Amino acid sequence: MTSYERVRRTLDHQPVDRVPYDIQAEDIVWQRLQDHLGLESRDAVREHFGIDRWSVGPRYIGPPLKTFEDGSHEIIVSGGPVCKEFMTPTGPTENTVRWPWADVTDVSDLEGRWGWNGKKEWWDFSHIEEDIDAINETGPKWITAHGDPSGLQHLSMWVGDEAFLMMLLTDEDLAVAMIEKHNEIRLWHALKTLEAGHGKIHELNGGGDYGYQNGPLIPVDMFRRFFKDLYVNFYREIKKNFDVEIFFHSCGGIEPLIPELIEAGVTILDPIQSGAAGMDPRTLKKKYGHQLAFHGGIDIQQFLPHATPEEVRAKRREMIEILGENGGFILSPSHNLQPDTPVENILAIYQ
């Protein structure tokens, strides 16, 4: 069974030879895996593990991203958020230290600003079909591309977490103006990506972090007021033009928002953060398994850093039995594998 067939049948809740695999990891973890396995690239690691879900996308060709004297650097696009690397006991991690819209206090301040994708001319879509063909040389894969509206997470990265949450409560006009400005070319960017794939892209992935450990970051009524129509209209336009699945990522306890996401058009939910409130895999499968497929399930917070390889293998079997019953499950870590996860535990997920 090819990777494409495996994922397609899984999402259709049909029998497969095994559950599909996916992997997400920080740079240092990728390098450790390459060194441990004696492989020269991330793609070689993916092939080694039998990863089924592969991604493509346009290349950023805009102004070079700046690096500053303190070691901080721009991410995503020119004029985007500024991050800095900090060392932890298990390896480096990055945190945002400057937000490009932190100084915005009035709608007029947004004039001449840009959001996540910057400007249209900053993107090259010409290579996407060629990239897909290269991926498929070893057999047809399930191909994904990124594309979603700018929601809570995206605005928070431009404004600051606390500042934007307070704005939703205290200055609705400015919050809406920011959301509209950030979304000016998001749909265009997604449609151009899918168009460049010439029908060879099977899934559009995105999302936004709407939850924390104890529940949603914002109440359901606020999600409906500020964000739900964004997703409804965005995904409707996508599905009108392309036959793709809609993948939605959100960390945290977002169970109260899941019905809203289903109504918006989401078909794959990630990452099933089982330690968060309301995210018990058995409950989610029972309530939503007939409407959604699930992606993730292997906890990176408390489990993978501290478990033994045998415990990881047992957890893998458990998640397959629960979330994979009658199909509808792609096995993956619940987020990017962090430097505190031993290589042996990563191998236990896939081997």
Side-chain angles (χ1 to χ4, degrees), residues 22-37 41-42 45-46 49 51 55 57 60 64-102 116 146 151-165 205-214 217 249-254 270-276 279 295-307 312 315 332-350:
D22 198 5
I23 186 171
Q24 310 158 85
E26 297 295 327
D27 290 345
I28 189 172
V29 178
W30 279 114
Q31 191 58 57
R32 288 174 184 172
L33 287 170
Q34 289 174 221
D35 294 344
H36 182 88
L37 297 170
S41 68
R42 297 182 184 186
V45 173
R46 291 185 179 98
F49 285 153
I51 299 303
S55 64
Y60 174 75
L65 304 186
K66 295 177 182 177
T67 297
F68 302 97
E69 291 184 2
D70 63 353
S72 61
H73 58 95
E74 291 179 332
I75 62 171
I76 308 171
V77 294
S78 175
V82 175
C83 284
K84 187 174 182 180
E85 185 175 275
F86 297 90
M87 188 58 63
T88 73
T90 57
T93 187
E94 282 202 336
N95 289 316
T96 306
V97 293
R98 293 194 291 281
W99 298 263
W101 289 1
W116 193 275
H146 185 80
L152 180 65
Q153 178 184 9
H154 307 87
L155 272 297
S156 294
M157 289 179 68
W158 252 250
V159 183
D161 294 308
E162 183 177 348
F164 188 64
L165 287 170
N205 66 73
D209 287 336
Y210 284 91
Y212 74 119
Q213 208 70 18
N214 296 326
L217 282 165
H249 164 87
S250 179
C251 294
I254 61 160
D270 170 79
I272 317 306
Q273 190 178 330
S274 58
M279 300 300 288
H295 175 280
I298 308 295
D299 172 57
I300 69 157
Q301 288 180 297
Q302 301 300 324
F303 178 71
L304 278 176
H306 308 297
V312 174
K315 178 62 70 174
S332 173
S334 63
H335 208 291
N336 288 356
L337 291 161
Q338 300 295 309
D340 58 358
T341 295
V343 167
E344 292 74 18
N345 284 357
I346 301 172
L347 300 181
I349 298 174
Y350 303 101

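This is a predicted model, so every value here is computed, not measured. What you see below is based on every heavy atom in this structure, not just the backbone, and it leaves out hydrogens, waters and symmetry mates.
Remark: side-chain polar atoms of Arg98 are not paired, donor with acceptor, to backbone N or O of His73 under 3.5 angstrom. Looking only at distances, a side-chain donor or acceptor of Glu74 sits under 3.5 Å from a matching main-chain atom of Lys66.
Note that OG of Ser72 and CG of Asn95 are 12.5 Å apart. Values are rounded to the nearest 0.5 Å. If you take OG on Ser41 and CH2 on Trp30, they are separated by 9.0 Å, rounding to the nearest 0.5 Å. Thr93 contributes atom OG1, which lies 13.5 Å from atom NZ of Lys84 (distance to the nearest 0.5 angstrom). Distance check: Asn345 CG to Ile300 CD1 gives 13.0 Å after rounding to the nearest 0.5 Å. Atom CG in Leu37 sits 14.0 Å away from atom CZ in Arg32 (nearest 0.5 Å).
At a threshold of 4.5 Å between non-hydrogen side-chain atoms, the residues Val312 and Phe303 count as touching. Looking at heavy atoms from C-beta onward, Ile76 lies out of side-chain contact with Tyr60 at the 4.5 angstrom threshold. Residues Tyr350 and Val45 fail the side-chain proximity criterion, which asks for heavy atoms closer than 4.5 Å. Side chains of Asp299 and Leu304 form no contact here, defined as non-hydrogen atoms less than 4.5 Å apart. The side-chain heavy atoms of Ser334 and Ile298, taken from C-beta on, include no pair separated by under 4.5 Å. Taking 4.5 Å as the limit, some side-chain heavy atom of Trp158 sits within range of a side-chain heavy atom of Pro81. The shortest distance between side-chain heavy atoms of Ile28 and Pro92 falls below 4.5 Å. The closest side-chain heavy-atom distance from Leu33 to Ile23 is below 4.5 Å.
By the side-chain contact (heavy atoms from CB on, under 4.5 Å) test, Leu217 pairs with Leu152, Tyr212, sequence neighbours left out.
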Check step by step if side-chain contact (heavy atoms from CB on, under 4.5 Å) holds for Leu337 and Ile346. CA-CA 8 Å; Leu337 291 161; Ile346 301 172; 3.9 Å; yes

Using side-chain contact (heavy atoms from CB on, under 4.5 Å), reason through Tyr210 and Gln153 one step at a time and then give a plain yes or no. CA-CA 7 Å; Tyr210 284 91; Gln153 178 184 9; over 6 Å; no

Decide yes or no on side-chain contact (heavy atoms from CB on, under 4.5 Å) for Ile75 and Val82, but give the supporting numbers first. CA-CA 6 Å; Ile75 62 171; Val82 175; over 6 Å; no

Between Ile254 and Met279, does a side-chain contact (heavy atoms from CB on, under 4.5 Å) hold up when you go through it step by step? CA-CA 8 Å; Ile254 61 160; Met279 300 300 288; 4.2 Å; yes

Let's go through Ser332 and Gln24 carefully: what are the C-alpha distance in whole Å and the side-chain angles of both, what is the deciding distance for side-chain hydrogen bond (donor to acceptor under 3.5 Å, both in side chains) to 0.1 Å, and is it a yes or a no? CA-CA 8 Å; Ser332 173; Gln24 310 158 85; 3.1 Å; yes

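The shortest non-hydrogen separation linking Ala276 to Gly253 is CB-N, 3.5 Å. Here the closest non-hydrogen pair linking Met157 and Trp99 is O-CD1, 3.2 Å. Pairing each heavy atom of Pro271 with each of Ser250, the nearest pair is CD-O, 3.0 Å. For Glu94 against Cys83, the heavy-atom pair with the smallest separation is OE1-CB, 3.9 Å. Smallest separation of non-hydrogen atoms from Gly80 and Pro100: C-CG, 3.8 Å.
Relative orientation of the His154 and Trp116 rings is perpendicular, given thresholds of 30° and 60° on the angle between their planes.
Between Asp22 and Arg46, none of the side-chain N atoms (NZ, or NE/NH1/NH2) sits under 4.0 Å from a carboxylate O, so this pair counts as no salt bridge. The pair Arg42-Asp27 meets the salt-bridge criterion, since a charged nitrogen lies less than 4.0 angstrom from a carboxylate oxygen.
For the residue pair Gln301/Gln273, the side-chain donor-acceptor check at 3.5 Å is satisfied.
Aromatic pair His335/His249: centroids less than 6.0 angstrom apart.
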